[in-house]
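The structure appears right after this line, and notes come after that.
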Amino acid sequence: MTSGRSFYITTPIYYPSDVPHIGHGYTTVAVDTLARWHRQAGDDTWMLTGTDEHGQKMMRAASANGATPQEWVDKLVSESWSPLLKTLDVANDDFIRTTQPRHEERVKQFVQAIYDRGYIYAGEFEALYCVGCEEFKTESEIVDGEGPFEGLKVCAIHSKPLELLQEKNYFFKLSEFQDRLLELYRSVPDFIRPESARNEVVSFVKQGLKDLSISRSTFDWGITVPWDESHVIYVWVDALLNYATAVGYGSDPEEFARRWPAYHVVGKDILRFHAVIWPAMLLAAGVDVPRGVFAHGWLLVGGEKMSKSKLTGIAPTEITDVFGSDAYRFYFLSAIAFGQDGSFSWEDLSARYQAELANGFGNLASRTTAMIDRYFAGVVPPAGEYLQADLGIQQTVRDAAAAADAAIERFRIDEAIASIWTIVDALNLYITENEPWSLAKDDTQRERLGTVLYTAAEGLRALAVLLSPVTPIATGKLWVALGAADTLGRLEDQHIREAGGWGILPPGATVTALAPLFPRVEQTV
């Protein structure tokens with residue numbers, strides 16, 4: 001079943017100058033969860049991720065490691081960035097690298113197009129540049145150095161000295177798009193989300209935009225400017241274009257029309273590139289702007305933003321090797337309000353794993369399947385007459401499914417999970433209050449016992465579908481244990497917007513043994 005609606009969503013294109021940390025993983029699983037949800041809703045879904053491999057920082061990192069830039073990025077992508085997707089069970093549709101010919105040739109086409117339309121000119125430029133950000137810094141982003149950097153101007157993000165660059169470059173007439181961008185933000189209020197991010201961008205643009213240097217001539221690791229091969233295209237222009245080149249811009253008009261425009265999910269530190277420079281470039285080329293840009297907050301460790309340069313990065317495998325990928329996905333997507341900063345701690349992760357996943361969801365699944373096995377020989381019983389308590393569970397499932405879908409539409413994955421979790425809590429309370437173990441001792445209560453256990457099993461069926469975009473491994477195991485795979489087909493084929501219905505799991509389905517979905521772990525970090 002398909003809705004016919006296109007849903008194209010992207011992660012930021014990651015800069016693989018080093019290995020990924022849990023902040024990169026957080027963004028990736030968030031986008032993957034949104035994509036999985038829309039895929040199961042029947043939308044024509046496409047998820048893109050990839051790596052941004054050009055620029056001065058990459059060239060210097062390669063040199064420091066005794067490799068050519070291409071050798072260095074090939075190593076990092078093959079050994080660290082591609083494996084990250086498997087580690088976190090990400091079901092992306094494409095992975096683009098900016099060193100791929102399919103990207104480089106289409107970037108040249110795009111830049112040539114806006115040059116031909118009169119939006120690029122040659123000029124001289126002098127400004128302070130942060131190699132770490134690959135960005136010229138405005139006055140508000142520059143601070144005075146301290147300690148060994150006293151007397152120098154440093155980047156407010158990286159706390160490292162800035163370099164004064166004087167070059168003859170090519171410039172994009174960004175200043176000409178100030179009014180058109182402000183009109184975009186006004187006419188499409190949810191183009192930038194959350195509201196705090198939108199307000200920041202609107203304020204920034206209202207202060208006035210300066211033309212953007214879009215080429216460099218002091219190094220050659222990049223895509224050459226098509227009309228002047230002594231220059232390479234500014235790495236951010238190159239990088240932003242991946243969202244269009246990956247879906248056929250300049251080579252496959254039919255595919256591009258099918259997929260574009262996209263939703264972009266980015267960290268708030270790169271919001272301006274995506275919400276100001278990128279739509280202006282598209283307007284200059286006569287291409288539709290994105291559907292929207294969602295800026296999530298930072299992951300904080302010890303009160304500081306996670307950073308490779310400050311050595312506060314934590315590798316995703318440090319978590320998944322102990323707790324598994326489902327726990328990683330669930331924790332970061334539920335514990336942090338999507339769009340706000342969030343603090344990570346091992347203690348909080350461990351506590352939530354035990355309370356919500358192991359004791360909450362996992363225990364509910366284990367005891368329900370065990371009781372069906374014990375009292376009905378492993379066959380899902382039919383329900384008899386529904387009482388008020390049973391109807392209450394049905395209402396909870398309906399409400400949770402509808403609320404979760406509405407939250408996903410707002411990109412609030414945390415709110416969606418909170419809505420779904422009302423089913424977990426309601427079913428655990430329902431079982432406690434209805435005491436199927438007591439009903440099993442009275443033959444006259446056989447029908448009531450069947451109703452209670454069918455209600456629990458059908459609630460778990462809804463949970464498996466609704467949570468599958470978040471915890472695909474555990475829900476897949478539950479789906480098989482409920483006998484749903486044999487009677488209803490693959491979990492990923494279940495229509496997620498119909499998950500709140502009732503009576504979908506057929507009586508007679510064969511329940512099989514279910515090992516703990518979230519086993520006890522010894523967390524020693």
Side-chain angles (χ1 to χ4, degrees), residues 1-12 25-50 85 88-96 188 190-194 243-244 246-248 255-266 274 288-296 325-326 329-330 332-334 338-339 400-420 462-473 475-476 479 488-501:
M1 182 185 299
T2 177
S3 69
R5 183 174 71 155
S6 172
F7 183 79
Y8 173 33
I9 189 167
T10 73
T11 71
Y26 171 48
T27 312
T28 306
V29 298
V31 172
D32 180 55
T33 296
L34 292 166
R36 284 175 180 268
W37 188 284
H38 281 272
R39 208 175 281 127
Q40 278 193 240
D43 297 337
D44 186 13
T45 301
W46 196 257
M47 176 190 166
L48 175 70
T49 189
L85 303 174
L88 300 178
D89 290 295
V90 175
N92 55 299
D93 296 288
D94 194 7
F95 186 99
I96 190 168
V188 187
D190 62 354
F191 177 75
I192 304 169
R193 289 182 281 185
Y243 305 127
V247 290
E255 178 70 2
F256 189 65
R258 175 185 178 183
R259 300 292 179 200
W260 191 259
Y263 288 104
H264 304 308
V265 175
V266 301
H274 290 80
D288 289 341
V289 299
R291 284 187 174 169
V293 179
F294 190 99
H296 66 72
S325 63
D326 275 356
R329 296 168 64 100
F330 172 83
F332 285 112
L333 298 179
S334 64
F338 200 52
D405 190 50
I408 290 292
E409 288 293 319
R410 299 191 303 273
F411 282 57
R412 287 302 302 269
I413 307 170
D414 58 304
E415 292 182 357
I417 295 173
S419 295
I420 297 166
L463 279 171
V465 176
L466 292 168
L467 284 174
S468 61
V470 181
T471 56
I473 304 302
T475 51
W479 190 252
L488 298 174
R490 301 190 313 162
L491 175 57
E492 54 266 40
D493 293 335
Q494 306 307 304
H495 199 295
I496 206 162
R497 293 192 178 119
E498 296 174 0

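On a predicted model such as this, the values are computed, not experimentally measured, just so you know.
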Look at the side chain of [X] and the backbone N and O of [Y], then say whether any donor-acceptor pair between them is shorter than 3.5 Å.
X	Y	value
Arg329	Pro469	yes
Thr10	Leu48	no
Asp32	Ala91	yes

Where do [X] and [Y] come nearest, in terms of heavy atoms and distance?
X	Y	value
Ala246	Ile96	CB-CD1, 3.6 Å
Ala407	Ala416	CB-N, 3.5 Å
Val465	Ala499	CG1-CB, 3.7 Å
Val265	Val31	CB-CG2, 3.5 Å
Ser6	Arg258	OG-O, 3.2 Å
Asp44	Arg259	OD1-NH1, 3.0 Å

Beyond-backbone contact of [X] with [Y], side-chain heavy atoms, under 4.5 angstrom:
X	Y	answer
Leu88	Phe332	no
Val289	Phe191	yes
Trp479	Gln494	yes

Between [Y] and [X], is there a side-chain donor-acceptor contact under 3.5 Å, judged purely by atom types and distance?
X	Y	answer
Ser325	Asp89	yes
Thr11	Thr49	yes
Tyr243	His274	yes
Asp43	Trp37	no

If I take atom [atom1] from residue [X] and atom [atom2] from residue [Y], how far apart are they, to the nearest 0.5 angstrom?
X	Y	atom1	atom2	answer
His296	Thr27	NE2	OG1	3.0 Å
Ile417	Leu466	CD1	CG	11.5 Å
Met47	Asp93	CE	CG	8.0 Å
Asp405	Arg410	CG	CZ	10.0 Å
Phe338	Ile413	CZ	CD1	4.5 Å
Thr45	Tyr8	OG1	OH	12.5 Å

- [ ] Classify the angle between the aromatic ring planes of Phe7 and His38 as parallel (below 30°), tilted (30 to 60°) or perpendicular (above 60°).
- [x] parallel
- [ ] Could you label the plane-to-plane angle of the Trp260 and His264 rings as parallel, tilted or perpendicular, counting under 30° as parallel and over 60° as perpendicular?
- [x] tilted
TODO: Could you walk me through whether Phe411 and Ile9 pass the side-chain contact (heavy atoms from CB on, under 4.5 Å) test, one step at a time?
DONE: CA-CA 11 Å; Phe411 282 57; Ile9 189 167; 4.0 Å; yes
Task: Glu409/Arg193 salt bridge by N-O under 4.0 Å criterion - done: no
Task: Among Gln40, Glu492, Arg36, side-chain hydrogen bond (donor to acceptor under 3.5 Å, both in side chains) partner for Ser468 - done: Gln40
